[in-house]
Amino acid sequence: MASTVRDNSGQETDSKTAAEASGDTTAGPADLGGCRGGCGVYLVEEATLSTVPEHMRILFERFSGEYLTQENLLVGLLYLLILECGFVHQSDLPEESRDPFVGFYSCSGVRKAASSIPIESLRVSRSFQEHTFCLLSFSKDFTLVTYRLSDSLLATFTPKSLSGFSICLPISRYIPLINRKSILRSFRNLPELSLLTKNKLILPARDIFMQNIATLAPYPSLSGMPEIVLELIFRLLPKNSQKNLAEACNRLRHFQIS
């Protein structure tokens, strides 16, 4: 009976397909190996061995030669996940053409950013790598710092003057081997990577920034809703849920209905 492994989406696939994904690790240009971009797939976490989001295809077909390493590919994935959360790389936001508000996912914007980011800026060196991202048209307040430590990649995402968030990613879990004949078959456990990175690194930094910027009140979250709306929400909840929600933060505590 053939053994199975999991593909990009976390689904099982046969060992023959997995063997094809190991490929040759000698230097050479990246090849997408027939993977299609788009086709109703918009996020990294939705990628499969045959279909990937267009911005993922655009970015990784630009990797080649000395830039085609496991750690560089992982930094590339982090970059795409940050774009999916509504950020824009500083280099992609010229002063004369700024939109009044960034902060939201845009297919065309993400594709443009994936095609314009200098690949050399995603290269992991022996020192700390720093990238600046914008969330608002007047802000350049988010910094991504990456550093390779043994077999892991450390990543910290920090809004200016506020606390940052960090995660440690085991490189081989998400990119066990590089398949140069089909570069997009090199990735594994992408739903897990996306969930971990967004929920533990990117979104907490975005939320704490949005909650501390007075010009964006109310922030579109539960804690940013008008008090009359919060009161209505509490009245619709069971008692136990009211208690749990009231303990979530200081602002919600006084809404608990006795």
Side-chain angles (χ1 to χ4, degrees), residues 6 8-12 40-47 53 74 77-88 101-107 110 133-136 138-139 141-146 152-170 173-174 188-258:
R6 294 188 179 275
N8 297 359
S9 64
Q11 296 179 339
E12 290 187 347
V41 176
Y42 299 101
L43 302 172
V44 168
E45 64 197 66
E46 299 173 332
L74 186 53
L77 287 174
L78 291 181
Y79 174 71
L80 293 180
L81 292 173
I82 291 174
L83 295 180
E84 289 180 1
C85 291
F87 290 86
V88 178
F101 183 72
V102 187
F104 292 103
Y105 178 82
S106 165
C107 288
V110 170
F133 291 87
C134 308
L135 182 62
L136 308 177
F138 53 84
S139 170
D141 285 337
F142 290 81
T143 302
L144 173 69
V145 177
T146 57
S152 299
L153 183 73
L154 301 179
T156 300
F157 199 52
T158 308
K160 185 177 179 180
S161 303
L162 295 170
S163 299
F165 298 83
S166 299
I167 57 175
C168 181
L169 301 171
R173 177 162 181 79
Y174 305 109
R188 295 292 183 272
N189 302 304
L190 292 183
E192 174 190 300
L193 175 65
S194 178
L195 183 66
L196 175 64
T197 303
K198 290 180 179 179
N199 289 350
K200 299 294 185 181
L201 184 72
I202 307 170
L203 296 182
R206 187 186 71 176
D207 289 347
I208 195 173
F209 173 78
M210 298 288 279
Q211 291 168 6
N212 281 273
I213 188 166
T215 56
L216 281 179
Y219 169 59
S221 67
L222 187 62
S223 61
M225 289 183 177
E227 294 191 359
I228 187 172
V229 176
L230 288 174
E231 183 176 348
L232 290 174
I233 292 174
F234 267 85
R235 291 186 180 278
L236 294 173
L237 294 175
K239 293 295 183 181
N240 287 340
S241 297
Q242 290 179 14
K243 181 177 182 297
N244 292 336
L245 187 56
E247 293 176 352
C249 69
N250 291 333
R251 179 162 188 258
L252 298 177
R253 188 165 299 163
H254 74 279
F255 281 99
Q256 184 175 3
I257 301 173
S258 58

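For Leu237, the side-chain contact (heavy atoms from CB on, under 4.5 Å) test picks out Ile233, Ser241, Gln242, Leu245, with sequence neighbours left out. Listed by chain and residue number, Leu195, Leu203 satisfy the side-chain contact (heavy atoms from CB on, under 4.5 Å) test with Asn199 (two or more places apart in sequence, or in another chain). In this structure Leu196 satisfies the side-chain contact (heavy atoms from CB on, under 4.5 Å) test together with Leu169, Tyr174, Lys200, sequence neighbours excluded. With sequence neighbours left out, Ser166 forms a side-chain contact (heavy atoms from CB on, under 4.5 Å) with Thr156. Applying the side chain to side chain donor-acceptor pair (under 3.5 Å) criterion to Ser194, with sequence neighbours excluded, gives Glu45.
Nearest heavy-atom pair across Ala205 and Pro159 is O-CG, 3.5 Å.
Between Leu193 and Asn189 there is no side-chain heavy-atom pair separated by less than 4.5 Å. Taking 4.5 Å as the limit, every side-chain heavy atom of Asp141 sits out of range of all side-chain heavy atoms of Leu135. When side chains are defined from C-beta on, Cys85 counts as touching Lys198, because their heavy atoms get closer than 4.5 Å. Contact check for Val145 versus Thr158: no side-chain heavy atoms found under the 4.5 Å cut-off.
Here the CZ atom belonging to Phe87 is positioned 7.5 Å from the CD1 atom belonging to Ile202, to the nearest 0.5 angstrom. Taking CZ of Arg206 as the start and CZ of Phe142 as the end, the distance is 9.0 Å to the nearest 0.5 Å. Between atom CG of residue Leu153 and atom CG of residue Leu78 there is a gap of 6.0 Å, rounded to the nearest 0.5 Å. Remark: Thr197 OG1 to Glu192 CD distance equals 9.5 Å, nearest 0.5 Å.
Just one residue in the list Leu144, Leu77, Val88 forms a side-chain contact (heavy atoms from CB on, under 4.5 Å) with Ile82, and that residue is Leu144.
Phe133 and Tyr79 have tilted rings, their planes meeting at an angle from 30° to 60° on a 0 to 90° scale.
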